[in-house]
Amino acid sequence: MKMCGDKKIRLKRVNPCITCKLCKGYLIDATTIRECLHTFCKSCIVKHLEDHNTCPNCNIVIHQSHPLNFISHDRTMQDIVYKLVPNLQKYEQKREEKFYKKKGLPKPKQTEPEQQNGELRTPKVDSNPDCHRLDEQVMICLECSASHMKRLPRKYLHVSSYATVTHIKKFIAMKLYKNVQKHKDVDILCNEEILGKHHTLKFVCVTRWRAKVLWSLGYSIKNCVVPLDGSFF
């Protein structure tokens, strides 16, 4: 590896940045945790999250109930690893082909960037994709009876069941204060209980609301509880 002035840097100096903390090998299918940006091999982190919901490096809670929904393939990091480590990509491709051949399975097709005039082109992507359209949807009603707080112009929401309490807090902060940072001052309540910020609406449904079609949630400024009886509006 060379830098300005033809200064050479040994691969072992950058190894800590391109190796997986779980298997101690070079990153393969590099996958990054969105919350803390630590990166691991995809197979390693998926296996880890089957029994844990925290980052194996810093122990931060990724998500209370669905941590696998908050990790992403890190193509940039994987490209860097393949460029720094000689023949690693060819070796992994051979191992992958050998694996699928042994199992008698077809090798999954991978989408490669288009090439035109010697330059790589990024495949076209929908400019306005709805990533959660196929998720299980829930209907919630946001109510506030605190006299000192503004009220939402529209209190009914139709959202993905994978949305978290933090998403709802940020939504309220943006609608009422035009400042997403204000979400830290907002509490979301269900049956007079303050909900944890990592809880998904699916989790709230299963543990608090159960079979109800429309859920009623309260919101308030911290230390100012808004009691709700859970009735429909």
Side-chain angles (χ1 to χ4, degrees), residues 31-38 49 53-55 60-75 122-233:
T31 302
T32 296
I33 298 172
R34 300 176 195 170
E35 187 71 21
C36 58
L37 300 182
H38 288 128
L49 294 179
N53 63 357
T54 57
C55 171
I60 191 173
V61 175
I62 302 171
H63 191 272
Q64 197 71 27
S65 52
H66 295 87
L68 287 173
N69 292 341
F70 295 85
I71 59 176
S72 302
H73 175 59
D74 195 332
R75 177 153 192 173
T122 304
K124 293 182 179 180
V125 181
D126 186 358
S127 60
N128 186 27
D130 187 346
C131 300
H132 300 284
R133 183 179 300 167
L134 300 180
D135 289 353
E136 178 184 0
Q137 302 292 306
V138 296
M139 293 181 64
I140 61 175
C141 173
L142 297 174
E143 279 286 334
C144 178
S145 59
S147 59
H148 65 284
M149 285 191 69
K150 299 178 182 178
R151 296 179 181 277
L152 291 170
R154 295 182 180 179
K155 62 183 180 181
Y156 297 101
L157 296 180
H158 189 213
V159 296
S160 166
S161 63
Y162 291 113
T164 65
V165 170
T166 296
H167 289 131
I168 304 301
K169 293 170 67 171
K170 289 183 177 181
F171 171 80
I172 293 173
M174 284 299 297
K175 288 295 183 181
L176 298 185
Y177 305 109
K178 308 297 182 184
N179 184 355
V180 71
Q181 297 301 322
K182 288 282 188 178
H183 82 276
K184 298 176 182 178
D185 299 326
V186 178
D187 280 328
I188 303 297
L189 303 95
C190 180
N191 296 333
E192 302 184 24
E193 175 190 356
I194 296 177
L195 300 176
K197 63 181 181 179
H198 295 298
H199 289 166
T200 62
L201 296 183
K202 178 71 173 179
F203 178 80
V204 176
C205 174
V206 172
T207 59
R208 272 83 173 177
W209 282 108
R210 304 194 183 277
K212 297 203 174 183
V213 177
L214 176 67
W215 313 345
S216 178
L217 298 177
Y219 62 90
S220 72
I221 296 295
K222 285 188 180 297
N223 301 322
C224 177
V225 176
V226 181
L228 291 177
D229 58 8
S231 59
F232 294 123
F233 297 93

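No hydrogens, no waters, no symmetry mates; every other heavy atom, side chains included, goes into these values. Numbering of residues begins at 1 and proceeds along the displayed sequence.
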To the nearest 0.5 Å, what is the distance between SG on C55 and CD1 on I71? 11.0 Å

Contacts of type side-chain contact (heavy atoms from CB on, under 4.5 Å), residue T32, not counting sequence neighbours: L37, T39, D74

Quick one: does I188's side chain get under 4.5 Å of I172's, heavy atoms only? yes

Could you give the distance from CD1 (I33) to CD (E35), rounded to the nearest 0.5 Å? 9.5 Å

NZ on K197 to NE2 on H167, rounded to 0.5 Å: 12.5 Å

Closest non-hydrogen atom pair, Q64 against N53: O-ND2, 3.3 Å

Expected output: side-chain H63 to main-chain H198 donor-acceptor under 3.5 Å: yes

How long is the gap from CE on M174 to CG on L176, to the nearest 0.5 Å? 11.0 Å

Taking all non-hydrogen atoms of both residues into account, name the closest pair between A173 and H183 and its distance. CB-N, 3.5 Å

Could you walk me through whether V159 and F171 pass side-chain contact (heavy atoms from CB on, under 4.5 Å), step by step? CA-CA 12 Å; V159 296; F171 171 80; over 6 Å; no

For the student: nearest non-hydrogen atoms of L49 and T54, plus distance: CD2-O, 4.0 Å

Contact check, side chains of I140 and I168, non-hydrogen atoms, under 4.5 Å: yes

Taking the side chain as everything from C-beta on, heavy atoms only, tell me whether D185 gets closer than 4.5 Å to Y177. no

First locate atom NE2 of H199, then atom CD1 of I194, and finally report the distance between them rounded to the nearest 0.5 Å. 12.5 Å

Say whether, by atom type as modelled, one donor and one acceptor occur between the side chain of K169 and the main chain of V186 under 3.5 angstrom. yes

State, to 0.1 Å, how close Y162 and T200 come at their nearest heavy-atom pair, and which atoms those are. O-CG2, 4.0 Å

Taken to the nearest 0.5 Å, the spacing of C36 SG from I62 CD1 works out to 6.5 Å

